[in-house]
Amino acid sequence: MTLGADFYARSVHRVAQDLVGCVIRHGSAAGRIVEVESYHESEPACHAFGGVTRRNRVLFGAPGMAYVYRSYGIHACLNAVADVEGVGAAVLIRALEPLEGLEGMRSRRGVARDEQLCSGPGKLTQALDISLDLNGSSLLDGPIRIVAPPNGAAAPRVVRGARIGITKAADLPWRFCDAGSAHVSRPWPAAMWAA
DNA sequence: CATGGGATTGACT
DNA sequence: GTCAATCCCATGC
């Protein structure tokens, strides 16, 4: 069941935590979300910090949109816009456990081990063939869909810690991981605790 | 119009 | 462990 607008129209941290274990799909490729981070306009690591610009305007749009941006001139990173319209907040999808379309992922990624197909925000967009032209598309009825965990799926054990790769507001514990997964982008930091 | 930085990755020492 | 690649866009002149 595709997640609806009401799922995304909540506190971005709540949305982030609840996205762990959900399944994201684009075309024939799909994976289970095992790592996310939340970003909010109130803190300087967020692209929405400082108000609306052309680059970040999607962050302030309706909940459930995809915010895709280019990182370091090379990679695309995928976010799910959260909170109500007018508030700049989103969840960065950082890692997936590959579920379907592995052959396509391997050919796009060119790596040997399946653990490396989607174990990073730039890796998973390459694996799922998600590019900048999907910025502003809808996760509710667009080409990228996020669905709730299948009925009967074991609830992930979610742990939280500090976000990765940022220089500002680096101490906020807004990274959420599935503690049981071998597909996260980095090994567990020393300080991770139950969410 | 010129400049600088970044929510990363992969290759290399 | 270090470091370059590469480009969109925000900012400043």
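Per chain, numbering begins at 1; letters A, B, ... match sequence-line order.
Put simply, CZ on A:R55 is 13 Å from C1' on C:dT11, counting in whole angstrom units. A:F49 has its CZ atom 16 Å from the C1' atom of B:dG6, to the nearest Å. For A:L59 and B:dA7, the CG to P distance is 12 Å, given to the nearest whole Å. In this structure, CG of A:D133 is placed 15 Å from C1' of C:dC8, rounded to the nearest angstrom. Taking atom CG of A:N56 as the reference point, atom P of B:dG6 lies 16 Å away to the nearest angstrom. Distance A:Y67 OH to B:dG6 P: 14 Å, rounded to the nearest Å. Counting to the nearest Å, the C1' atom of C:dC7 and the CZ atom of A:R54 are 14 Å from each other. For the pair A:K168 NZ and B:dG5 P, the interatomic distance rounds to 11 Å; values are reported in whole Å.
Using a 4.5 Å cut-off on side-chain heavy atoms (C-beta onward), A:R160 and A:H13 make no contact. Residues A:R25 and A:E100 have side chains in contact (heavy-atom distance under 4.5 Å, counting atoms from C-beta outward). Considering only heavy atoms from C-beta on, A:Q17 stays 4.5 Å or farther from A:W174 through its side chain. A:K123 has its side chain out of reach of A:V111: every pair of non-hydrogen atoms, C-beta onward, lies at least 4.5 Å apart.
Taken together, the paired segments of DNA chain B that extend over three or more consecutive Watson-Crick or G-U pairs, each closer than 3.5 Å at both contacts, are B:1-6 with C:7-12, B:8-12 with C:1-5.
Defined by atom type and a distance below 3.5 Å, a donor-acceptor pair is present between the side-chain atoms of A:S185 and A:E35. Side-chain atoms of A:R108 and A:Q126 form no donor-acceptor pair, as typed in the model, at a separation below 3.5 Å. Under the 3.5 Å distance criterion, with hydrogens and angles disregarded, a donor-acceptor pair is assigned to the side chains of A:S42 and A:H40.
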Can you check each nucleotide of nucleotides 8-13 of chain B against protein heavy atoms at under 4.0 Å and return B for base, S for sugar-phosphate only, - for none, in 5' to 3' order?
BSS---

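Among the atoms of the strands shown, none is found under 4.0 Å from any heavy atom of A:R163.
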One pair to check against side-chain contact (heavy atoms from CB on, under 4.5 Å): A:L59 and A:E41. What are the steps and the verdict?
CA-CA 9 Å; A:L59 284 173; A:E41 64 181 18; over 6 Å; no

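The residue from A:L19, A:I146, A:T2 that alone fulfils the side chain to side chain contact (heavy atoms under 4.5 Å, CB included) condition with A:F7 is A:L19.
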